[in-house]
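Working notes for the structure below.
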There are 2 protein chains.
Amino acid sequence: MPKVSPVLLDEQLCFSIYSASKKFNHFYQSALAPFGLTYPQYIAMLVLWEDAPLTVHQLGERLELDSGTLTPLLKRLEKQGWVTRVRSRTDERQVLIHLTETAEAKRDEVYSRIGQCQTLLGMTDNEIDSMMTELVTVKDQLDTVSHQRLIAKEVDQD
Amino acid sequence: MPKVSPVLLDEQLCFSIYSASKKFNHFYQSALAPFGLTYPQYIAMLVLWEDAPLTVHQLGERLELDSGTLTPLLKRLEKQGWVTRVRSRTDERQVLIHLTETAEAKRDEVYSRIGQCQTLLGMTDNEIDSMMTELVTVKDQLDTVSHQRLIAKEVDQD
DNA sequence: GGCAATTTAATTGTATACAATACTCTTCGA
DNA sequence: TCGAAGAGTATTGTATACAATTAAATTGCC
């Protein structure tokens with residue numbers, strides 16, 4: 001083993017992001033407590049408010065979640081009266097997620113609550129845009145290298 | 001309800017961070033597959049390589065995780081031979097997490113693998129520093145407003 | 001038309017997360 | 001020193017995540 005540098009937790013970008021992600025979840029989850037929505041349920045509702053009805057697969061593409069996560073999540077949203085899950089007639093494999101009238105009716109209340117959260121965060125649109133742009137770069141790079149990783153293994157000894 | 005702006009998923013910083021966090025987890029988890037470490041197990045090992053032995057509480061402070069998460073995680077690390085869990089003699093409430101010799105021996109291999117991952121990511125130290133600084137600002141703000149949220153509720157109508 | 005390959009959801013199994021609770025041990029004040 | 005308060009860990013219950021598998025439906029290809 002050649003000389004290696006120590007890896008310190010506090011210098012890891014991954015941990016910074018992991019930690020920020022958890023804090024955001026708690027923040028929105030408690031902001032949305034009056035509606036009884038968890039964070040993943042909330043982002044599912046965001047997509048549905050934009051585009052319902054959607055199939056489980058389409059929703060999963062937007063949220064980057066698979067049916068293993070979404071099926072139980074959507075069953076909970078259904079039980080709580082936000083959505084309905086109906087087999088498509090034209091393609092019996094698909095399940096269409098529709099919004100209930102209750103969900104439509106509560107949309108603006110949730111939008112308004114989120115607007116308040118964004119205000120509390122106190123970031124300008126420019127700051128948010130710039131941060132999201134950087135994050136996209138990182139994510140793209142992660143997608144790219146995830147495919148190259150096996151090659152990297154072969155240059156293990158440098 | 002006053003006029004509200006739509007909330008679009010793709011404009012949410014929280015989702016960008018949530019998504020990036022998941023990608024980082026997968027990236028490191030597959031990079032560390034030869035060692036059999038999950039991402040949370042890996043960051044726990046990072047802290048222990050810096051500072052072992054630590055109590056569950058001390059480890060939790062560094063990782064921002066509680067005993068509900070750490071106890072089972074540490075039991076798995078113990079079963080896989082990375083750590084030992086021993087009740088402190090001076091304070092029977094505490095459990096000290098020690099590294100095994102195997103863990104000490106594998107440290108540099110893991111450090112090296114992570115070094116390769118950082119190289120693959122292709123970011124300069126400055127880029128990483130700057131991004132982490134921005135993230136600290138966001139996290140601090142989230143910590144601050146999490147305490148003020150109840151007050152915010154009272155200015156609901158603006 | 002008939003069947004293999006593909007697509008879509010659901011299921012299973014493992015591993016986080018975290019709130020809430022329980023339990024044990026320690027500390028601290030009367 | 002005795003008991004209440006507090007600290008540290010484990011447990012319980014709920015909700016994600018995701019790999020891998022299953023099952024049903026559709027599509028393609030002959």
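Proteins get letters first, then strands, A, B, ... in listed order; numbering begins at 1 in each.
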Side-chain N or O of [X] versus OP1/OP2 of [N]: is the shortest distance under 4.0 Å?
X     : N      : result
A:Q94 : D:dA24 : no
B:H26 : D:dC18 : yes
B:Y39 : C:dA15 : no
B:Y18 : D:dT16 : no
B:Q58 : D:dG8  : no
B:K22 : D:dC18 : yes
A:T55 : C:dA9  : yes
A:T38 : D:dT16 : yes

- Task: List in chain and number order the residues that pass ring-ring contact (aromatic ring centres under 6.0 Å, His included) with B:W49, two or more places apart in sequence or in another chain; answer none if no residue qualifies.
- Result: B:Y111
- Message: Can you tell whether the side chains of B:R85 and B:E78 come within less than 4.0 Å, N to carboxylate O?
- Response: yes
- Item | Of B:H57 and A:T90, the one whose closest DNA chain D nucleotide lies more 5' | B:H57
- Task: Starting from the 5' end of DNA chain D, give me the residue, A:N25 or A:D91, whose nearest nucleotide shows up first.
- Result: A:N25
- What residues 69-89 of chain A contributes to the DNA chain D interface at heavy-atom separation below 4.0 Å is A:T69, A:L73, A:R76
Counting the atoms with a prime plus P, OP1 and OP2 as sugar-phosphate, which does [X] contact under 4.0 Å by heavy atoms, base, sugar-phosphate, or nothing?
X     : answer
B:S67 : base
B:S21 : nothing
A:Q29 : nothing

- Message: Any donor-acceptor pair, under 3.5 Å, between the side chain of B:R93 and the base of D:dT9, if you only look at N and O atoms?
- Response: no
- Please round to 10 degrees the angle between the axis of the first five pairs and the axis of the last five pairs in the helix from C:dG1-D:dC30 to C:dA30-D:dT1. 10°
- Item | A:T55 side chain vs A:Q58 backbone, donor-acceptor pair below 3.5 Å | yes
- For A:Y18 and B:N25, the nearest pair of non-hydrogen atoms, with its separation, is CD1-OD1, 4.4 Å
